[in-house]
Protein chains: 4
Amino acid sequence: MSGNSIGKSFVVTTFGESHGPAMGCIIDGCPPGIEIDESIIQCDLDRRKPGSNEYTTKRKEDDKVEILSGVFEGKTTGTPIGLLIKNKDQRSSDYDKLKDVYRPSHADYGYIQKYGIRDHRGGGRSSARETAARVAAGGVARLVLKHLAPNLEIYGYMTQMGDQKIDRSRIDLNQIDNNPFWCPDLNAANSWKDYLEKVRKSRDSVGAVIEIIAKNVSPGLGAPIYGKIDTDLAAAMMSINAVKGVEVGEGMNAASLLGSENADEIFMDGQNKPRYSSNHSGGILGGITTGQDIIVRFAVKPTSSILSPKKTITQKGEETEIITKGRHDPCVGIRAVPVGEAMMACVLLDHYLLHRGQIGENGGQIG
Amino acid sequence: MSGNSIGKSFVVTTFGESHGPAMGCIIDGCPPGIEIDESIIQCDLDRRKPGSNEYTTKRKEDDKVEILSGVFEGKTTGTPIGLLIKNKDQRSSDYDKLKDVYRPSHADYGYIQKYGIRDHRGGGRSSARETAARVAAGGVARLVLKHLAPNLEIYGYMTQMGDQKIDRSRIDLNQIDNNPFWCPDLNAANSWKDYLEKVRKSRDSVGAVIEIIAKNVSPGLGAPIYGKIDTDLAAAMMSINAVKGVEVGEGMNAASLLGSENADEIFMDGQNKPRYSSNHSGGILGGITTGQDIIVRFAVKPTSSILSPKKTITQKGEETEIITKGRHDPCVGIRAVPVGEAMMACVLLDHYLLHRGQIGENGGQIG
Amino acid sequence: MSGNSIGKSFVVTTFGESHGPAMGCIIDGCPPGIEIDESIIQCDLDRRKPGSNEYTTKRKEDDKVEILSGVFEGKTTGTPIGLLIKNKDQRSSDYDKLKDVYRPSHADYGYIQKYGIRDHRGGGRSSARETAARVAAGGVARLVLKHLAPNLEIYGYMTQMGDQKIDRSRIDLNQIDNNPFWCPDLNAANSWKDYLEKVRKSRDSVGAVIEIIAKNVSPGLGAPIYGKIDTDLAAAMMSINAVKGVEVGEGMNAASLLGSENADEIFMDGQNKPRYSSNHSGGILGGITTGQDIIVRFAVKPTSSILSPKKTITQKGEETEIITKGRHDPCVGIRAVPVGEAMMACVLLDHYLLHRGQIGENGGQIG
Amino acid sequence: MSGNSIGKSFVVTTFGESHGPAMGCIIDGCPPGIEIDESIIQCDLDRRKPGSNEYTTKRKEDDKVEILSGVFEGKTTGTPIGLLIKNKDQRSSDYDKLKDVYRPSHADYGYIQKYGIRDHRGGGRSSARETAARVAAGGVARLVLKHLAPNLEIYGYMTQMGDQKIDRSRIDLNQIDNNPFWCPDLNAANSWKDYLEKVRKSRDSVGAVIEIIAKNVSPGLGAPIYGKIDTDLAAAMMSINAVKGVEVGEGMNAASLLGSENADEIFMDGQNKPRYSSNHSGGILGGITTGQDIIVRFAVKPTSSILSPKKTITQKGEETEIITKGRHDPCVGIRAVPVGEAMMACVLLDHYLLHRGQIGENGGQIG
């Protein structure tokens with residue numbers, strides 16, 4: 001019942017604090033014989049890496065990943081894969097004056113109530129740095145998925161920054177890598193630059209909405225009830241720092257629809273496969289994939305560490321005011337895109353393996 | 001890695017199909033010495049029961065729960081509690097003509113892709129009847145919580161039916177039990193009656209938003225990263241039939257806020273406890289409870305079984321049209337309120353026990 | 001972290017006390033499409049059933065099993081299988097005078113220390129009746145294994161009763177069903193009758209050693225370290241009531257051997273398969289099956305409920321003397337044979353599914 | 001369902017191969033506020049360390065442990081503890097000629113059958129080096145147990161080397177550390193030196209029996225059925241490399257006893273605590289501790305890597321002969337003593353935390 005693991009068949013257990021010696025994870029249950037290489041995982045890590053663009057924290061971490069086990073002569077062996085990422089650029093002194101103060105909208109107070117002790121440096125275990133380990137694990141998951149589901153594609157983008165939404169009619173996936181926001185709408189991306197600059201100048205921060213898509217998913221992944229694939233996706237996304245809401249397909253908006261509007265009608269596509277009139281379901285019905293695109297959305301709250309003064313209390317119970325200096329993302333949601341992709345990859349692989357275990361290679365046939 | 005279990009310390013495993021002989025669950029890890037009585041659990045079940053009001057399915061089930069084990073002389077013994085609910089009023093014949101047709105927005109197609117076989121009667125395992133077992137387990141959880149957290153209160157209500165939202169300034173908890181919709185806003189409740197009547201007359205259905213509140217929760221429950229209490233709440237609520245989105249506190253709206261708006265400032269309340277200027281966080285920060293009210297919201301899609309004709313395909317791959325007769329809730333969200341409360345009770349108890357296991361009775365002190 | 005579950009992929013969770021309304025289990029993760037029938041499971045149950053021969057408890061239980069879910073039109077659906085076995089012939093009054101006395105070598109004292117409450121009737125949860133649920137689950141596992149490993153054979157027999165051992169040179173599997181002791185040595189079986197009669201007349205009981213064999217197991221099942229198949233077999237056998245020791249292959253005797261004696265030399269068998277000079281390993285090396293027979297042995301202590309007076313204490317802490325009346329097996333080990341077979345079936349199926357999940361159908365190939 | 005984890009509340013997940021860059025583990029669920037220090041864990045590691053005496057492998061590893069996370073200012077924080085042990089003295093070339101040969105009584109053949117690939121260097125994941133991570137985790141467990149159970153003592157010793165048993169009447173715990181065999185019988189220890197010298201000269205190896213004792217264990221730890229503490233102990237000990245049998249109390253010998261002989265009669269000790277006439281049960285009844293000493297015994301087979309020629313086959317299926325050169329323990333059982341102690345510490349702590357979670361601080365009282 002580890003509280004630091006995710007997955008049932010492809011099990012990722014992470015460790016590490018923001019200002020400790022290192023972060024990392026153990027991946028257990030990885031299929032054997034998969035070509036793997038630190039440089040491939042590194043690519044994923046570099047996308048998430050702090051300081052990777054002008055709109056993220058200035059903390060400089062090269063996030064070099066080392067494979068400690070589970071790989072032999074360039075291939076996975078099926079034994080646990082240990083991954084290590086050393087911390088480099090810690091400026092713990094930045095946090096000295098926060099040692100005894102509870103930062104508003106941070107976990108500080110809760111930590112003391114729970115554990116009676118906390119590593120206050122950079123948020124300790126609650127730092128967004130933990131997501132480096134997730135992204136590394138997601139990189140491994142992607143390599144395995146290339147074998148199990150060669151046509152599967154996973155990608156994410158930002159659909160909203162603060163109150164600024166993209167125009168969905170303008171979505172162009174080629175734009176995603178052409179701007180620092182993983183924004184698929186060029187116009188939006190441009191206006192977001194000024195918007196975020198204004199937010200930062202006003203010593204403030206802003207939230208975001210991220211959408212993660214999985215294309216060409218096999219139908220039949222997941223299970224009813226507690227083993228639903230959307231249950232696991234909701235948990236995986238909600239477990240990302242600062243996430244406050246998760247949606248599948250229509251999400252919260254499903255409440256506003258009539259049954260007749262929400263129905264995804266089914267036709268045959270000519271290649272003896274179903275074709276749907278719409279995808280309100282987000283590719284999942286009754287917890288099981290339909291073969292349509294999986295669409296998951298999550299909201300990231302604005303970075304809680306801001307330079308505007310806020311009222312708070314000290315560990316001794318005195319009222320005080322705080323301004324959180326340090327090197328913080330004005331919109332932590334930006335770096336959440338590769339993290340959401342990694343979570344999608346881990347959950348999908350987990351369900352591919354769970355499905356194969358219970359059912360075998362052939363859907364619905366005794367293996 | 002059971003796909004039909006929820007919880008780590010208070011583990012609930014359910015079984016049963018809509019038209020099988022019985023539904024039920026095994027509760028493992030329940031503390032001993034708790035006074036328990038079938039009649040108390042029955043009260044919870046009666047709130048969810050089909051046919052309990054004019055706006056729910058006409059299927060008549062008395063949902064009588066039997067305790068099969070784990071209780072001796074009116075108290076829990078600490079051994080697994082087996083709960084059994086027999087199915088009575090099955091009209092399986094209603095479903096004969098659906099045997100080979102995939103109902104749109106239902107799991108039918110996914111089941112065949114996954115398992116190659118499905119119990120088509122009443123949705124089989126995917127039937128909302130499974131929630132009876134959850135509610136029974138939630139009833140047991142509430143009895144235990146009475147001992148562990150005497151001041152804890154858990155309640156839920158509907159905040160939106162279709163596009164009709166309540167007026168939050170009119171929320172009156174006393175109204176919740178005075179209308180068939182668990183609606184805390186009397187005006188809204190009244191207008192919803194006509195609204196739902198119109199929906200049903202138009203052979204349609206509608207979605208809903210449910211909000212579940214936990215008051216007087218101890219601070220310090222939960223854990224960082226994958227053991228977050230909001231992670232488990234998101235999973236628990238998403239695992240309920242027809243749920244498409246889950247929010248904590250500000251939820252999806254957190255994206256639109258500035259860091260300065262989203263901050264819950266902290267003061268002292270005079271009794272040496274923290275007092276907050278707001279509760280944007282929904283009582284959870286970094287995965288750990290703050291002691292503020294836990295606020296969870298989820299959206300239930302409109303009932304997919306409607307009397308309006310929809311295009312679909314047969315198991316043989318022929319295109320056809322379907323009208324789903326049978327006894328269906330025009331707004332299945334109505335019965336989701338007690339289910340959401342039950343999930344909240346199970347998750348909170350699980351975390352109380354997890355916390356006690358790792359930390360002991362005294363927050364942050366070595367047990 | 002259920003304490004009443006076994007297995008990771010094929011998960012069996014049991015409930016029930018000796019004198020409660022019923023026993024049963026939920027089987028989660030069963031592959032779909034397996035022909036199943038209560039009568040087949042019943043055959044397994046009948047072999048374990050109390051009162052099935054003159055040397056077992058006189059308690060009369062027909063142990064009728066009911067399938068409550070997970071089966072449709074004679075086949076498993078892949079959803080959880082609920083199994084129910086009602087208790088019939090409880091004579092709880094037999095136990096009234098034991099309510100406040102701790103029976104020596106029973107769990108009574110431990111229960112009170114742990115739970116502060118216990119169902120004293122027939123040992124409550126610790127009754128050997130719990131094994132009925134295991135045997136039912138094992139029956140389901142055997143049906144699945146028929147599909148996954150058609151040549152697999154699982155059988156068990158008694159190799160020792162008290163200090164009376166069989167003569168291994170006389171083992172004849174055809175004898176196992178021809179005597180009430182599952183003894184493969186006819187001579188031993190005959191002498192055991194008188195021996196056990198003498199033991200009973202002297203108001204005493206006796207222990208036993210059971211050996212469980214699995215033939216034609218695929219090589220490559222299991223995993224290194226904590227996922228070893230012998231780790232799971234040791235746990236499964238040790239979890240059976242009254243078991244005090246578990247051995248694989250040479251077992252405890254391995255300590256006495258030299259490396260040169262213990263080595264199972266490997267040759268080719270002409271059909272391009274390995275052939276071994278011996279099977280000291282019991283078919284498992286490094287936690288992984290070799291394809292040789294799996295050989296597991298376990299010792300069952302003598303029934304603790306005997307008619308000879310023993311010193312003990314009451315719940316109040318007074319010293320007293322006890323004679324345990326009631327209907328007890330003079331050698332509870334007899335009925336442990338089908339239980340051990342069931343545990344072997346559950347563990348092997350679990351590992352077949354785990355292997356298929358991580359590796360796919362083809363050993364060592366990417367699925 | 002990690003295959004490389006042990007424990008439910010105190011969860012240890014290990015990684016690493018004999019000749020990879022490093023070994024290590026993540027400890028999840030450790031209580032906070034425990035004083036911890038690398039030097040303390042190092043003491044445990046040094047006891048297991050290869051080359052620690054003339055009768056163990058000549059491989060030189062200083063087994064320096066680094067704490068990577070979960071500790072702040074000398075105390076555990078309650079977040080996962082990452083432990084790293086770098087490999088130093090690998091002489092992988094020793095294994096080149098074994099690359100394509102299956103060593104008899106080793107897991108080599110099984111690995112290929114399972115994974116289709118193996119790290120042949122030093123046994124890869126199946127190397128006894130993995131036990132370094134267990135011993136490190138056990139060291140942490142002992143530090144926690146000092147707080148939870150201050151009077152608890154855990155120690156182990158060797159009771160048999162090959163066919164040479166100790167004389168139990170001569171057991172003197174003070175002797176354990178005075179000889180290289182953890183032998184509590186001085187006479188036996190002396191004769192074992194010549195015996196083992198002879199075994200080694202004859203290019204052979206030998207097995208051993210280890211006994212692990214836990215004194216002053218609280219009564220009430222464990223649970224019935226699958227959550228038995230002896231179930232977990234059996235699994236933990238069987239998971240140690242080369243172990244082939246596990247016993248609790250009388251162990252396999254329990255089969256030979258009459259119920260009247262096996263009964264541990266109970267009296268009062270004058271301090272209102274039970275006193276027992278004997279401890280045939282090994283401190284566990286019905287899966288729950290009685291408060292008597294826990295006695296666990298396990299047999300370690302003789303080192304399979306020996307210098308005497310043995311018949312075997314190559315990966316290509318050709319018959320051949322092998323002599324396993326390299327640096328091997330003539331009696332690998334010697335180093336199993338600290339490993340068995342570590343397993344006992346991990347299992348006991350896990351059950352202390354599980355018990356506290358379900359029951360609370362006060363046995364049998366609602367927490």
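Below, chain A is the first sequence line, B the second, and so on; all start at residue 1. The figures that follow rest on heavy atoms only: side chains count, while hydrogens, waters and symmetry mates do not.
- For the salt bridge (Lys or Arg N to Asp or Glu O under 4.0 Å) condition, the pairs that include at least one residue of residues 232-252 of chain D, sequence neighbours left out, are D:E247-D:R297.
- Of the two parts of D:I306, only the side chain, counted from C-beta on, holds a non-hydrogen atom closer than 4.5 Å to a non-hydrogen atom of chain C.
- Interatomic distance, D:E265 CD to C:I322 CD1, rounded to the nearest 0.5 Å: 11.0 Å.
- The contact between D:T303 and chain C is made entirely by backbone atoms, counting heavy-atom distances below 4.5 Å.
- Heavy atoms of C:Y276 lying under 4.5 Å from chain D belong exclusively to its side chain.
- For a residue to count as touching a neighbouring chain, one of its non-hydrogen atoms must lie under 4.5 Å from one of that chain's; by this rule D:A263 touches chain C with backbone and side chain alike.
- The candidate with the highest count of non-hydrogen atom pairs below 4.5 Å against chain D, out of C:G251, C:G227, C:P104, C:G286, is C:G251.
- At least one donor-acceptor pair under 3.5 Å links the side chain of C:K114 to the backbone N or O of D:G222.
- Considering only heavy-atom pairs separated by less than 4.5 Å from chain D, the leading option among C:V209, C:I6, C:D163 is C:I6.
- For C:D204, the part lying under 4.5 angstrom from a heavy atom of chain D is the side chain only.
- Top candidate by heavy-atom pairs under 4.5 Å with chain C, chosen from D:L257, D:V300, D:T290, D:D230, is D:L257.
- If you measure heavy-atom distances from C:Y109 to chain D, the contacts under 4.5 Å come from the side chain alone.
- The greatest number of non-hydrogen atom pairs below 4.5 Å with chain D, out of C:G245, C:S304, C:S308, is found for C:G245.
- Between C:R118 and C:D108, at least one side-chain nitrogen of the basic residue sits less than 4.0 Å from a carboxylate oxygen of the acidic one, meeting the salt-bridge criterion.
- Most heavy-atom pairs under 4.5 Å with chain D: of the set C:S256, C:A242, C:G287, this distinction falls to C:S256.
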Would you check, one step at a time, whether the test side-chain contact (heavy atoms from CB on, under 4.5 Å) holds for C:H106 with C:S305? CA-CA 8 Å; C:H106 276 287; C:S305 298; 2.8 Å; yes
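- Heavy atoms of D:L285 lying under 4.5 Å from chain C belong to its backbone as well as its side chain.
- Counted by atom type alone, D:S278 and D:D264 present one or more donor-acceptor pairs between their side chains at under 3.5 Å.
- Pairs engaging residues 308-318 of chain D under the salt bridge (Lys or Arg N to Asp or Glu O under 4.0 Å) rule: D:K311-D:E321 [sequence neighbours left out].
- Only the backbone of C:I240 comes within contact range of chain D, with at least one heavy atom under 4.5 Å from a heavy atom of that chain.
- When C:G317, C:G282, C:S126, C:G124 are compared by the number of non-hydrogen pairs under 4.5 Å with chain D, C:G317 comes out ahead.
- If you measure heavy-atom distances from D:K301 to chain C, the contacts under 4.5 Å come from both the backbone and the side chain.
- Within the 4.5 angstrom heavy-atom criterion, atoms from both the backbone and the side chain of D:S260 approach chain C.
- Taking 4.5 Å as the limit, every side-chain heavy atom of D:E319 sits out of range of all side-chain heavy atoms of C:I266.
- With a 4.5 Å cut-off on non-hydrogen atoms, C:T289 touches chain D through its backbone but not through its side chain.
- Listed for the C:D269 side chain is a donor-acceptor partner under 3.5 Å among the backbone atoms of C:Q271.
- Comparing C:T312, C:I288, C:L258 by how many heavy-atom pairs each has under 4.5 Å with chain D, the most go to C:L258.
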